[in-house]
Amino acid sequence: MRYADITQRLAGLGGAKWDVHVRAKALRAKGHDILELTIGEPDVPTPQVLIDAATAAMQAGRTGYSDGHGEPGLRAALSGRYSQRTGRTISADQVMCFPGTQTALFAVMMGIADSGCEVLVGDPMYATYEGVIRASGADMVPVPLRPENGFRLAADDLAARITPRTSAILLTTPHNPTGSILTPADIDAIGALALAHDLWIISDEVYEDLIFDGETFTSPLSRAPFSDRVIVVSSISKSHAAPGFRSGWCIGPKAFTEALLPLSETMLFGNQPFIADMTEQAVRNGSDVAPGMCMRFAARARHLADRLTQDSNLRVHTPQAGMFAMIDVSSTGLNGNDYALHLLEHAHVAVMPGSSFGTTLDNWVRVALTVDDDAFDMACARIIQHATQLQFETA
Ligand SMILES: Cc1ncc(COP(=O)(O)O)c(C=O)c1O
């Protein structure tokens with residue numbers, strides 16, 4: 001039987017990236033005491049008030065078909081939130097609702113890129129980006145994010161890779177896996193390129209509510225000269241500890257959402273009204289759980305950095321936001337992948353090799369900050385002991 005080309009374009013993506021995670025699960029299933037710091041999920045349950053809101057909406061009969069743009073109440077709430085946060089008027093016409101950031105990203109990419117196009121994206125990147133870009137038929141052009149620039153995407157590095165085929169720049173701010181936040185100056189320099197070369201800017205802001213104390217976030221949507229070429233994607237997955245509800249959106253120019261409507265209707269035939277009602281409440285009331293996550297994740301990142309700096313030759317990149325920290329393991333003589341496998345086998349700590357997120361992080365690993373403090377401290381101790389052992393073995 002014949003399969004469509006898209007299956008070939010996506011074949012082989014994903015599997016190998018999760019090797020350490022899969023092995024960790026298998027060891028755990030066999031009864032080994034594995035500390036899993038691979039996947040980042042909110043460390044609290046979805047707030048009961050949101051579960052009650054979804055339940056009440058279902059009981060009130062909000063289980064029919066929805067509007068192809070998303071429910072009017074949710075779109076109005078998002079229009080209010082983005083108008084307030086960006087200082088610009090964002091109308092409800094500019095909002096489209098999707099089941100999660102991931103689906104929004106997919107739809108947006110299908111709407112602005114296809115075969116013959118190139119999409120620029122920082123490397124390292126979130127694990128699904130390559131698939132999203134390839135699904136559209138476009139070519140992904142990775143742009144290295146440099147540790148010496150705090151892993152923030154530099155306009156000069158982008159400029160060097162722009163060609164007549166470039167159609168979009170995909171930004172993640174705050175960034176996964178590095179936890180860095182683009183500054184207004186970074187964004188303005190990137191926006192100037194987008195203006196000069198007639199490019200879209202897609203801004204994945206799913207970690208916007210997980211900004212650590214003392215840090216500030218700027219959305220490209222708030223920057224006047226080029227905001228009409230910006231499409232934001234986000235959701236309540238991280239901000240409200242509700243990834244399983246699959247509730248997200250995109251915000252773009254009205255002409256863009258109009259052009260995207262047939263695609264959204266063809267894909268989804270509308271969203272679920274009871275999830276839209278719950279999300280409307282979440283958006284209107286803000287998050288009760290995000291401040292606690294910020295405090296805990298920031299404290300664990302600091303703890304990791306302090307302990308490893310003091311007691312090992314490993315160096316930590318401390319994030320400004322999000323759920324992850326990164327460790328530079330080059331002093332061990334192993335690359336990130338070999339280090340992660342060795343750490344799992346010998347110290348029973350599972351971390352993600354940096355190479356799962358692109359080529360720039362070959363000598364790094366990513367650590368999820370989402371396990372409880374005792375387990376996290378135990379993981380730090382095991383990482384330190386393992387590093388000492390490695391040093392001893394290679395001496
Ligand atoms: C950068 C980034 N974008 C998108 C997603 C997916 O988010 P959602 O659950 O809203 O689809 C994630 C999830 O980890 C992410 O890290």
Side-chain angles (χ1 to χ4, degrees), residues 13-14 17-18 21 36-44 46 50 70 74 78 95-109 119 121-133 135 140 142 145 151-153 168-182 201-211 217 219-220 231-251 264 267-268 271-272 275-276 278-279 282-283 287 289-290 293 297 319-326 352 354 356-358 361 366-370:
L13 281 182
K17 290 180 185 168
W18 304 106
H21 178 68
E36 279 182 49
L37 278 57
T38 43
I39 306 283
E41 281 208 65
D43 66 345
V44 285
T46 307
L50 296 183
L74 174 55
L78 286 165
V95 179
M96 282 185 94
C97 300
F98 289 95
T101 314
Q102 188 61 42
T103 319
L105 258 176
F106 184 87
V108 167
M109 201 57 79
V119 176
V121 57
D123 174 345
M125 70 193 78
Y126 175 51
T128 69
Y129 283 177
E130 187 176 358
V132 167
I133 296 168
M140 180 181 82
L145 303 183
F151 290 110
R152 299 188 334 270
L153 188 59
I169 301 167
L170 171 51
L171 303 179
T172 323
T173 184
H175 190 258
N176 176 7
T178 66
S180 61
I181 302 175
L182 291 174
I201 295 176
I202 308 170
S203 184
D204 180 342
E205 301 178 359
V206 73
Y207 293 101
E208 183 192 355
D209 282 352
L210 297 187
I211 309 282
F217 168 76
S219 170
I231 304 163
V232 166
V233 290
S234 193
S235 75
I236 56 165
S237 293
K238 316 288 178 185
S239 59
H240 291 76
F245 272 100
R246 312 305 303 131
S247 189
W249 53 83
C250 77
I251 316 278
S264 157
M267 274 170 71
L268 304 170
N271 298 267
Q272 302 89 329
I275 290 183
M278 169 272 212
T279 308
V283 170
S287 173
V289 288
M293 282 193 274
F297 301 161
Q320 298 171 282
M323 299 182 162
F324 307 102
M326 297 202 315
M352 289 294 284
S356 297
F357 306 98
L361 287 186
R366 185 191 78 170
V367 176
L369 302 166
T370 48

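Keep in mind that what you see is a predicted model, and the values were worked out from it rather than measured. Atom set for the values below is all heavy atoms of this structure, side chains included, hydrogens, waters and symmetry mates excluded. In listed order, ligands and their atoms are each counted from 1.
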Measure Asn176 to ligand 1 on non-hydrogen atoms and call it side chain, backbone, both or neither using the 4.0 Å cut-off.
-> side chain

How does Pro243 reach ligand 1, if at all, at less than 4.0 Å between non-hydrogen atoms: by side chain, backbone, both, or neither?
->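 Under 4.0 Å from ligand 1, Pro243 contributes no heavy atoms.
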
Between the main-chain N or O of [Y] and the side-chain N or O of [X], is there a donor-acceptor pair closer than 3.5 Å?
X	Y	value
Asp204	Val206	yes
Ser247	Thr279	no
Ser356	Met352	no
His175	Ser180	no

Run the numbers for me: atoms of ligand 1, each under 4.0 Å from some heavy atom of [X], listed by number.
X	value
Arg246	8 (P), 9 (O), 11 (O)
Val206	1 (C), 2 (C), 3 (N), 15 (C)
Tyr207	1 (C), 14 (O), 15 (C), 16 (O)
Lys238	13 (C), 14 (O)
Gln102	11 (O)
Thr172	1 (C)
Gly100	10 (O), 11 (O)
Ser237	8 (P), 9 (O), 10 (O)

Would you indicate which of Ile39, Val132, Thr101 comes nearest to atom 10 (O) of ligand 1 when only heavy atoms are counted?
->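 That would be Thr101.
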
Has ligand 1 got any nitrogen or oxygen that is less than 3.5 angstrom from a nitrogen or oxygen of Tyr129?
->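 No; the residue has no nitrogen or oxygen that sits under 3.5 Å from a nitrogen or oxygen of the ligand.
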
Assess the side chains of [X] and [Y]: does a donor N or O sit below 3.5 Å from an acceptor N or O?
X	Y	result
Glu205	Ser219	yes
Tyr207	Ser239	no
Gln102	Thr128	yes

Atom pair CE (Met293) and CG (Asp209), whose distance is rounded to the nearest 0.5 Å | 8.5 Å

Can you measure from CZ (Phe106) to OG1 (Thr101) and round to the nearest 0.5 angstrom?
->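 These two atoms lie 15.0 Å from each other.
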
Considering heavy atoms of the protein only, find what lies nearest to atom 6 (C) of ligand 1 and give residue, atom and distance to 0.1 Å.
->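 Ranked first by proximity to atom 6 (C) of ligand 1 is Tyr126 OH, 3.8 Å.
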
Tell me, which protein residue and heavy-atom name are nearest atom 3 (N) of ligand 1, and how many Å apart are they?
->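 Of every protein heavy atom, Asp204 OD2, 2.6 Å lies nearest to atom 3 (N) of ligand 1.
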
